[in-house]
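In the text below, chain A, chain B and the rest are named by the order of the sequence lines, each starting its count at 1.
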Number of protein chains: 2
Amino acid sequence: MNSTPKTRIGMLVFPMMTSLDILGPFEVLARAPDCQAELVWKNREPLKGDTGLTLIPDQAFATAPQYDMLVVPGGPGQTPLMEDEEVLQFLRQQAAGAKWVTSVCTGSLLLAAAGLLEGRSATSHWMSIDQLELFGVRALPDRVVVDGDRITGGGVTSGLDFAFTVLGILRGADAAKALQLMLEYDPAPPFQSGHPRVAAPELVEKVRASAAPMLERRREVSRRVARRMAAK
Amino acid sequence: MNSTPKTRIGMLVFPMMTSLDILGPFEVLARAPDCQAELVWKNREPLKGDTGLTLIPDQAFATAPQYDMLVVPGGPGQTPLMEDEEVLQFLRQQAAGAKWVTSVCTGSLLLAAAGLLEGRSATSHWMSIDQLELFGVRALPDRVVVDGDRITGGGVTSGLDFAFTVLGILRGADAAKALQLMLEYDPAPPFQSGHPRVAAPELVEKVRASAAPMLERRREVSRRVARRMAAK
């Protein structure tokens, strides 16, 4: 009668999210031994990410089980959710019973807006990481930051490094190494331009300028939410 | 009245595919300047990849436009398609008018089965790359292989390196570098185990053994299809 209980991993999805933030980790963690990963949102209606990819939630908030691990992605659609009480409430309720509360990309800002990263170290997409400080979070510009039961990844593609790090914590290094080999995760980027540390400074400014309106909207919301939290 | 025609990128999807083979490249190429990426299959019914992720094709074979670039993924569901005339016919028709014919993971075996890689150099997932030789393809164990208008990527996660390589070819290095920065593609794998070159030999054998039944089914089909092609 002895069976290993599966580790239940709830991965938030939402309209205008950056789909790869979750789909990279999903493809890793859904294959992990004794893990069950599912996509969760307010309801189970199909929704579209910011590149138009359709995602179908496996689970609705109202019927979701208590997850062992919560994973929150980012993308343009994360900004309005920082003021969406239904979402913040779901994250807080899950976090209260979860063993790990995690994020990829600007998902960390959503966790911060829910009050779930205060006093912790965390990372985020390089263009938005400064906003973590508004919420009393110590921002570390690392690819993956593990601060006890809070695990956060940097921008978009960091979700793969995040997922193998998480798998190492959940199931040990050998399990992570086996799956890394199965998924041939031996990256060889054709250009060295994936972070401001290595990209040309003029390119960094150009990319930042192209995202400026989106970043400004996000910063306004972050400031407003942080002010409200401080006033409580 | 001068408008740049978009580069149309058709990405094959199918039941029991490895979803990340396509979803990594999709997230890159759907954001690329003047590119339009879509998922294409026999029909537009939802289908499930090998981790249970639901994908919804944007386009059916019968109504698909002539694509400029064709991208073919792999995964367990690729094996039966090597003998599926409807699929092989679609690939051949598209390839005849496409500027680039490409694949990720064991998608290269599907291209080979359609007779689209004969005499060319190509790569594939490390566990199945030897099967390319059955089809008169020169197998190169590289992460991405560019042989003129044929571009192939290795296993699963190589799709990201493949996509940025393709973007560099389609739109130049600066466009690829800008998007690499936007998607923070600066990988830092937590373990060095993503290819037989770097993984522990006993782990390589263990992973290969765990996949043996699937590999044997694939090899049987590859042999049968190659024999039939040689007899023509």
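Only the side chain of A/L39 comes within contact range of chain B, with heavy atoms under 4.5 Å apart. Both the backbone and the side chain of B/A178 come within less than 4.5 Å of a heavy atom of chain A. For A/A199, the part lying under 4.5 angstrom from a heavy atom of chain B is the side chain only. Only the side chain of B/L160 comes within contact range of chain A, with at least one heavy atom under 4.5 Å from a heavy atom of that chain. Looking at B/F162, neither its backbone nor its side chain comes within 4.5 Å of chain A, counting heavy atoms on both sides. In this structure, chain A has no heavy atom under 4.5 Å from any part of B/V28. Of the two parts of B/A173, the backbone and the side chain both hold a non-hydrogen atom closer than 4.5 Å to a non-hydrogen atom of chain A. With a 4.5 angstrom heavy-atom cutoff, B/L203 touches chain A via backbone and side-chain atoms both.
Taking both residues in full, the closest heavy atoms of A/Q180 and B/S193 are given as NE2-N, 3.7 Å, listed atom of the first, atom of the second, then distance.
Along residues 102-110 of chain B, no residue comes nearer than 4.5 angstrom to chain A, judged on non-hydrogen atoms.
With sequence neighbours excluded, the residues satisfying ring-ring contact (aromatic ring centres under 6.0 Å, His included) with A/Y185 are A/F164.
For chain A, the option among B/L179, B/L53, B/V144 with the highest count of heavy-atom pairs below 4.5 Å is B/L53. Each of B/V156, B/T54, B/L55 has some count of heavy-atom pairs under 4.5 Å with chain A, and the biggest count is that of B/V156. Chain A forms more heavy-atom pairs under 4.5 Å with one residue of B/H195, B/R197, B/M127 than with any other, namely B/H195. Interface summary for chain A: among B/V204, B/L183, B/V207, the most heavy-atom pairs under 4.5 angstrom belong to B/L183.
Looking at heavy atoms from C-beta onward, A/R31 lies in side-chain contact with B/T18 at the 4.5 angstrom threshold. Residues B/M182 and A/S210 meet the side-chain proximity criterion, which asks for heavy atoms closer than 4.5 Å.
To the nearest 0.5 Å, the span separating CG on B/D186 from CG on A/D161 amounts to 9.0 Å.
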